[in-house]
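The next block holds one structure in the form of structure tokens; read it before the comments.
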Amino acid sequence: MGHTSLEKLIRLQRKTSSIRNICILAHVDHGKTTLADCLVASNGIISTRLAGKLRYLDSREDEQIRGITMKSSAISLHYAAGESEYLINLIDSPGHVDFSSEVSTAVRLCDGAIVVVDAVEGVCPQTQAVLRQAWLENIRPVLVINKIDRLIIELKLSPQEAYTHLQKILEQVNAVTGTLFTSKVLEERAVKEVEVQEALSEPSSGELVYDWSAGLEETDDSHLYFSPDQGNVVFASAIDSWGFSIHQFAQIYCQKMGVRSEVLQKTLWGDFYLNAKAKKIMKGAQSKGKKPLFVQLVLDNIWSLYDAVVTRRDKEKVEKIVASLGLTVMARDLRHSDPKVLLSAICSQWLPVSQAVLSMVCEKLPSPSEIGAERVERLMSVGTRRFDSLPEKTQEFFSADRDMRRNKRPPTAPTQLPDGCSAADPLPSVPHLACCTLEHLYMLMGRELEELEEVPAGNVLGIGGMEEFILKSATISTSPACPPFTPLNFEATPIVRVAIEPKHPSEMPKLVRGMRLLNQADPCAEVLIQETGEHVLVTAGEVHLQRCLDDLRERFAKIGISASKPIIPFRETVIRPPKVDMVNEEMGRQQKVAVIHQAKDEQSKYPEGVHVDSTGLVTLTTPNKMATVGIRAVPLPEEVTRLLEGNSELIRTMEQFSLFAREGKTLEISQKTLEEIQGFKSKLEGLLQGHKWRNAVERIWAFGPRRCGPNILLNSVEGYRRPSVWQCVEREKEKSEAVMLRDFDNSIVSGFQLATLSGPMCEEPLMGVCFSVESWEIKFSSQLTQQDSVEEDSVSQQALEADNNASVKGCNEIKGGLKNVGDTTDCYGPFSGQLIAAMKEACRYAFQAKPQRLMAAMYTCEIMATADVLGRVYGVLSKREGRVLNEEMKEGTDMFIIRAVLPVAESFGFADEMRKRTSGLASPQLVFSHWEVISSDPFWVPTTEEEYLHFGEKADSANQALKYMNAVRKRKGLYVEEKIVEHAEKQRTLSKNK
């Protein structure tokens, strides 16, 4: 096909039914960009000879050097099928796990996806991730099984073996889809059951019949799966420019065999064979030992072509094949020394991959006007709101203009636009709503942008001049009735932090502007300014970090920058007293007595006004002796910590409801969110069992840090009942029992928030700790109470509402707000401030009274490696404190999949070292997984001879937790106890007499 003119593409933009918005999704190195090259070459934009070598949509220099896609690229293509013409808006997305946020953005923009799978490697971790992302966004996928040439040349499989192998790959892909479908059906079934139970809450006289079916039997899922006979699978080798669907071969053979095309399409894939005598297609090829039709009519031909062209280089046979297929091959291709050039010349005419893929896309994937109602509801139901709870005007707006939707991101943010936009229209006072005028519209053409005057609805496009209005993503609409769309689903979590500064301090304004632009342009990168004044960049991984730094230097800031070593996040926690010591020996009675004596000795170290008893209860008095708090720290069960971490959004909603309730306002929460909060509470009650956790869930005072973290403040003060944190699900109960807040309640909460935000070990946030307030006494005059109880409470409420993160700034506001309250200020400062400081210190001492441990961030590491380099893979993992979870051999290949966990602190340079040690035969994929307690005690000191041998000053194995803790303390400028002089021998010089 020749080069398509811009005018034709603009004309096709007006016909919404002929538009296909698609993205290419796959694991890294499965051939997405090569396939995209073949599709681009079909429009004459690049030469067919360069397809696969040029990697046209990898327009960045670092993408070309590394050989992987790092940034999603969009291009508009024209495809003609008979009399019908289509406009294909194609987005090529990255496959590396560090850039999965780019995949999320691409998936949100599209109505369909091409999922590419390597014929040798099969379903890989990122393949599962992209299928899940497509499922979550409710878009329809089609499958391309790529690199089939590797089965012939590398694995040297016979056509029959290749057919079995391809069947297994299809089963693997369908198994992933089936799992997603099953979970959805079971979820819907659970919701339905709750509704039925509520409806039948009244006792019934009839006999109850329980339906044991899961709802899977009656649900039709046939359209979800990939099957060649349905036409949603293409077999291809993009590097050799060929690809085909069953439909193409059915068309070829229907005339030769005299069999209807529809019959062939159903029987070419499956357990069917050709009975030559009866001249019939019959079932049972496997049981009768016959060649399946797919092998006989399709694979045998491709294998014989490769055998003649690549393996044997038989010129006569090649000429016969070319003549029989009716192709014309140039003489220079026939004479070329590289057989792949001749192969590509034959295949690109016989089975062009672009035709197979684009025809499948046009037939099987929907146009923008066919958006499903379910997807509209998902896009619009933001946070706690349901679609049916939205204003009527909003619902009408979307039923009328369903195809006017797209979420987008700057600097060229793809979206779709309706007609007529006026910036002069009055706007309702809604937070984060801004009125703007669009300056430039662009058609995205890979490496270039084509400026347009207007763009009809249903198209992907770029918008210029929106930097001032959009941070990460936004919803652009001509009507204020349009709500913001739901946030994107990101697979990767930003975890790697570096501090950045310009090489020349005078260029700081340029760096600040550059980081702001980077923050807008990258969906996953985060830019922060810490309390120390450092500019910090947070990224998803090492490769992502390198790309962001390159972007800052070359695109956004355009200055020389220096980056610190990666800032590794840790968490601090307490554990139950261990039963074994550091050399795995059981702690005897003598050692336990020694520990008690050590605790008594430490008591003398505490400052005046602090008392710590043997059970770990800390009693602390404020400097003016007016208030005393008693705090005990208890480790939370691991399951509870995970539950709190996974439900931070629900906790934030509950906290917001409580704030509104204190001010006499009401916050509308959807029924679904209320059910989720009730379920969360039930799970918490189920996990907090036993004598010491009796009624603990009802006694929760606050969560922290930032009011939604994985730590709990428990109210164990005798006789003090305060409004429950579960007010939103206990509204009626709360109304009947009016409960008042005690004076300075917020000071206790603020002190807890500060204590959990930075722990005593190395000023890192706490995790999995429950602080129980055992006693809280205030001794001051009633006049003082009357003067400031109301004032303190209202001021602190305002401060907490203004800064819901409970930061230091927030606490200063509380203190400042109370300075004007009559007699509450003495020589030690405002009383509320003293109570905040006392509470914070009491929590820290209570924390230190228990066995302390560090928690390290852990990556899940998936490595694909051949058997001969397994030993080296294990060597690199063990050197970096990695732990292998399991290994399994991939069926039909010599590849092993190793799953391991690796501390984030040890991950820098891990991928490079792995590739060097294994000569490039193993490549890891790292995804942030969880937080894990480091078993070693950072404060442990060896006492016995055996312990000195294992862990002494000159021992081979260092205390890992102490090493991490000291590194963090050094970075933060905190005191580190270490010896400056390592070996105090006399210094020797070259002079013999000295």
Side-chain angles (χ1 to χ4, degrees), residues 26-27 29-31 34-35 52 116-124 127 143-173 228 233-244 249 268-269 273 285-286 289-318 320-322 336-348 350-351 353 864-870 888-897 918-923:
H27 187 79
D29 284 336
H30 277 202
T34 306
L35 178 64
V116 182
V117 176
D118 189 321
V120 173
E121 292 181 8
V123 175
C124 291
T127 315
L143 183 67
V144 173
I145 299 179
N146 193 25
K147 302 193 182 183
I148 291 180
D149 58 297
R150 290 182 68 191
L151 301 179
I152 308 168
I153 296 165
E154 287 180 32
L155 299 188
K156 294 186 167 47
L157 300 182
S158 67
Q160 183 66 49
E161 289 167 339
Y163 172 65
T164 312
H165 183 79
L166 292 170
Q167 275 184 316
K168 283 177 184 168
I169 287 173
L170 263 175
E171 282 170 18
Q172 288 170 7
V173 179
V233 179
V234 160
F235 303 92
S237 169
I239 197 74
D240 290 338
S241 307
W242 63 264
F244 64 88
F249 274 94
L268 261 176
W269 181 264
Y273 71 97
Q286 193 176 353
K290 303 282 187 182
K291 266 190 185 180
L293 268 182
F294 187 73
V295 175
Q296 190 178 349
L297 302 181
V298 180
L299 295 186
D300 276 352
N301 291 322
I302 293 167
W303 257 248
S304 60
L305 177 64
Y306 269 81
D307 182 59
V309 177
V310 181
T311 314
R312 296 187 185 177
R313 301 199 183 186
D314 188 339
K315 283 189 177 180
E316 289 180 12
K317 195 173 180 184
V318 169
K320 279 185 184 176
I321 290 169
V322 169
H336 206 283
S337 58
D338 184 3
K340 285 275 190 170
V341 173
L342 175 59
L343 183 73
S344 182
I346 296 169
C347 293
S348 60
W350 178 38
L351 299 169
V353 66
M864 290 188 74
T866 52
D868 48 342
V869 295
L870 270 183
E888 58 184 43
M889 193 170 187
K890 211 161 178 54
E891 204 176 342
T893 68
D894 62 342
M895 302 291 283
F896 282 85
I897 297 179
T918 60
S919 306
L921 293 172
S923 185

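Atom CG of L297 and atom OH of Y273 lie 14.5 Å apart (nearest 0.5 Å). The distance from the CZ atom of F896 to the CE atom of M864 is 11.5 Å, given to the nearest 0.5 Å. The CD atom of Q160 sits 11.0 Å away from the CD atom of Q296 when rounded to the nearest 0.5 Å. Taking CG of L166 as the start and CD of E161 as the end, the distance is 12.0 Å to the nearest 0.5 Å. Here CG of L157 is found 10.5 Å from CG of L299. Values are rounded to the nearest 0.5 Å. To the nearest 0.5 Å, the span separating OG on S237 from NZ on K340 amounts to 6.0 Å.
For the side-chain contact (heavy atoms from CB on, under 4.5 Å) criterion with V144, the lone passing option out of V234, V117, V233 is V234.
Of all non-hydrogen atoms in N146 and A238, the two that sit nearest each other are OD1-N, 3.0 Å. Taking both residues in full, the closest heavy atoms of A236 and V353 are given as CB-CG2, 3.9 Å, listed atom of the first, atom of the second, then distance. Residues V309 and I346 share a closest heavy-atom pair of CG2-CD1, 4.2 Å. Considering all non-hydrogen atoms of both residues, I321 and S304 come closest at CD1-O, 4.5 Å. The minimum heavy-atom distance between I145 and L170, with the atom names listed, is CD1-CG, 4.3 Å. Summarising the geometry of A162 relative to L151, their closest heavy-atom pair is CB-CD1, 4.2 Å, with the distance given to 0.1 Å.
Taking R313 as the reference, nothing meets the salt bridge (charged side-chain N to carboxylate O under 4.0 Å, His left out) condition, with sequence neighbours excluded. Partners of T164 by side-chain hydrogen bond (donor to acceptor under 3.5 Å, both in side chains), not counting sequence neighbours: none found. Residues satisfying the salt bridge (charged side-chain N to carboxylate O under 4.0 Å, His left out) criterion with K317, sequence neighbours excluded, are absent altogether. Partners of D29 by side-chain hydrogen bond (donor to acceptor under 3.5 Å, both in side chains), not counting sequence neighbours: none found. The side-chain hydrogen bond (donor to acceptor under 3.5 Å, both in side chains) search around T127 returns none, not counting sequence neighbours. In this structure E121 satisfies the side-chain hydrogen bond (donor to acceptor under 3.5 Å, both in side chains) test together with H30, sequence neighbours excluded. Judged as a side chain to side chain contact (heavy atoms under 4.5 Å, CB included), and not counting sequence neighbours, the contacts of C347 are W242, L305, L343. Taking D300 as the reference, K291 meet the salt bridge (charged side-chain N to carboxylate O under 4.0 Å, His left out) condition, with sequence neighbours excluded. Residues forming a side chain to side chain contact (heavy atoms under 4.5 Å, CB included) with T866 (at least two apart in sequence, or on another chain): D868, V869, D894, M895, L921. Partners of I152 according to the side chain to side chain contact (heavy atoms under 4.5 Å, CB included) rule, which considers only residues two or more places apart in sequence or in another chain, are I302, W303, Y306. Every side chain to side chain contact (heavy atoms under 4.5 Å, CB included) that Q167 has, sequence neighbours left out, goes to Y163, W269. Annotation: salt bridge (charged side-chain N to carboxylate O under 4.0 Å, His left out) contacts of K290 (sequence neighbours excluded): none.
In E888, the CD atom is crowded: over 12 heavy atoms of neighbouring residues, nucleotides or ligands sit closer than 6.0 Å.
Aromatic ring centres of F235 and F294 lie closer together than 6.0 Å.
Within the 3.5 Å criterion, the main-chain N or O of I153 finds a donor-acceptor partner in the side chain of K156. In terms of modelled atom types and a separation under 3.5 Å, the side chain of D149 and the main chain of D240 share no donor-acceptor contact. Formation of a donor-acceptor pair under 3.5 Å by the H27 side chain with backbone atoms of V123 is not found in this model. Under the 3.5 Å distance criterion, the side-chain polar atoms of S348 are matched with a main-chain donor or acceptor of S344.
Using a 4.5 Å heavy-atom cutoff, the side chains of V120 and R150 are in contact.
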